[in-house]
Amino acid sequence: MPPPPDFQPATADEFTVRNFIDDIIDEELAPGGRCYGKTVHTRFPPEPNGYLHIGHAKAIAIDFGTALKYDGICNLRMDDTNPVREDIEYITSICEDVRWLGFDWEDRFYYASDYFERMYECAEHLVLNGLAFVCDQSAEEMRESRGTLTEPGTESPWRNRSIEENLDLFRRMRAGEFPDGARTLRAKIDMASGNMNMRDPVIYRIARATHHRTGNDWCIYPMYDFAHPLEDAFEAITHSLCSLEFEDHRPLYDWFIENCPVPHQPRQIEFARLNLTNTVMSKRKLRILVENGSVSGWDDPRLPTISGLRRRGFTPYSIRDFCNRIGVSKVNSTVDYRLLEHCLREDLNAHAQRVMAVLDPIELLITNYPADKTEILPAENNPEDADAGERDLSFSGRLWIERDDFMIKPIPKYFRLYPGNEVRLKHAYIIRCTGYETDDFGNVARVLAEYEPASRGGAAPDGRRIRGTIHWVDQNTAVDAEVRLYDNLFTVESPDNAPGAPEDYLNPDSLTVRTNAKLEASLAEPDYGKRYQFLRLGYFCHDNRDSCPDHIVFNRTVSLRDSFKLPTT
RNA sequence: UGGGAUGUGGCCAAGCGGUUAAGGCACGGGACUUUGACUCCCGCAUCGUAGGUUCGAUCCCUACCAUCCCAGCCA
């Protein structure tokens, strides 16, 4: 598939932070090790039943990143073994997201469903070796006989059928002779195991569901525990990296690898999945937010979905950087979302084009500036990047400035505009506030000031210090726009652990819309995928869904750090 | 006396018997500043607890405590 417009491919030199998985791999790659002489081969195996989120980004970064570190390869594989939950629509979005994140599976895009025939053969092999049996227990009976966490289960009455009968029954299961749920194929392991997964787990169920790829070819489908190790083995995966909850599935993973005729012996290694403060990460909880209208959709910019982050304006690099910085370990943890913001700002600071925009405008009238005069002032595009060049700004005596940048009676340490005070208009002139006008309601409607002609460009001719510099937009050329400001979706750090439901902690101010924003003229044409810094306000990008030339809509990706807090009114 | 795993500062996370116990984020100071941004300085831990082994333990042993995962014909 073609790369997305803001494609930033991941490179091996990004992945230098070592972790415990690398220690294991190093050992296995050494002479005499399990993988001596082999190419490290990993895979990212999403189930196509939902959208990817930043938790997946961590897994993706580990799977693809580990391959990159070792000059190995990583497959993208749709783990589509349960047709009743999966849908083709998710496949495209998953591919798009992985690609956007900067990872490349080249020609190694696979479907678990492509292995259904080989998996079936493995199952027959188990039957033939007396390691699997067809069980007639109902789901309820099976649950009852499974035992509990502290008590062993009891063996199924069908456990000791002959190999011939099992083979016959299993073939008839495949042939569609039995109704859904009537029988299962189970591995014959140990009903007394302390590990529930080893208590004769089901490996095939009967389900007449139309599979998005195999259609109605099958009426039996393999279970994850059986299918996954086989998929890995078929693809010659050396390291099957997954999250912690599969730790106690590993004995079963190994059991299938040992007992099935597979060409390779992959090893499963588990790591802790990502949790982020002030948000939720599970597909189920995200779905609730989408379906109950708490957010506008799966790509709502407040969501930690990859599509939401993309729409919000995150860069792929910042997400990869974040994944590298949080590290990889086996400790359940919740990472402060501010680390994510830090990675974002760091990337954006270096690359975002600076522009000026006023989100909550009030008029500034420069009384000693000729009424019909207009001039063009140069402005640097990015002080962090000398190659970014300059652009022209139009200036006149009638400007828009930020409401927050004026106070009738200044609070302590306020060095913006107030009667009598001097301030610099960024890139333009030094002005002194001479007064203000209010509307019928007593609100400030217009600020009056005089400019110092000799300070063109912003420098004080006598070198005196000007404490405050504010941004502005020329009324003559201003572009109207809607600007959306975002804050945490939840007011508590761990909505997952707080009493009640996450929805009880939704932040009513997670979205603030400024419908009357004024932008400098250079922003008249939408440039999707381009990131801007609105001076003193933060980083912004066009909303990739709603912004158009007739109605410009910007999203605030993240605010600038701000050590000065205006009292909240 | 079910099984599996984990415990290093507010949040992540190095450390693998001898270190002043890395680094990042956050936080608090300060410098610089035509973005109160950026950048730069400074500050910020005795390693879950209790014993033990050792000349010496965050690293080894024992016990205890806490937390997480597992009883889908989901993945």
Gap in Å between the two C1' atoms, one belonging to B:rG36 and one to B:rG30, rounded: 15 Å

Taking the same atom, P, in B:rG23 and in B:rG9, what whole-Å distance lies between them? 16 Å

So, is the end of the A:Arg345 side chain (NZ or CZ) under 6.0 Å from the ring centre of A:Tyr539 and within 45° of the ring's axis? no

Mark up nucleotides 26-40 of chain B, 5' to 3', with B wherever a protein heavy atom is under 4.0 angstrom from a base atom, S wherever such an atom reaches only the sugar-phosphate, and - elsewhere. S------BBBBBS--

When the P atoms of B:rG15 and B:rC41 are considered, how many whole Å apart are they? 26 Å

For A:Tyr369, enumerate each residue passing the ring-ring contact (aromatic ring centres under 6.0 Å, His included) test, keeping only those at least two apart in sequence or located in another chain. A:Phe395, A:Tyr451

Grab the N/O contacts between the protein and nucleotides 13-16 of chain B below 3.5 Å, and write none if there aren't any.
residue	atom	partner	partner atom	Å
B:rA13	OP1	A:Ser329	OG	2.4

Considering heavy-atom distances to RNA chain B, does A:Asn197 or A:Ser193 have its closest nucleotide positioned more toward the 5' end? A:Ser193

Distance in angstrom units between A:Arg250 CZ and B:rG3 C1', rounded: 13 Å

Establish, from distance only, whether the side-chain atoms of A:Gln137 and A:Arg186 form a donor-acceptor pair under 3.5 Å. yes

With sequence neighbours left out, what residues match A:Glu493 under side-chain hydrogen bond (donor to acceptor under 3.5 Å, both in side chains)? none

If pairs are Watson-Crick or G-U with both distances under 3.5 Å, what is the dot-bracket string of RNA chain B, marking crossing pairs with [ ] and pairs to another strand with |? .(((((((.[[[..)..(....]]].(((((.......)))))....[[[[[..)....]]]]])))))).....

Mind checking ring-ring contact (aromatic ring centres under 6.0 Å, His included) for A:Phe44 and listing every partner two or more places apart, or none if nothing turns up? none

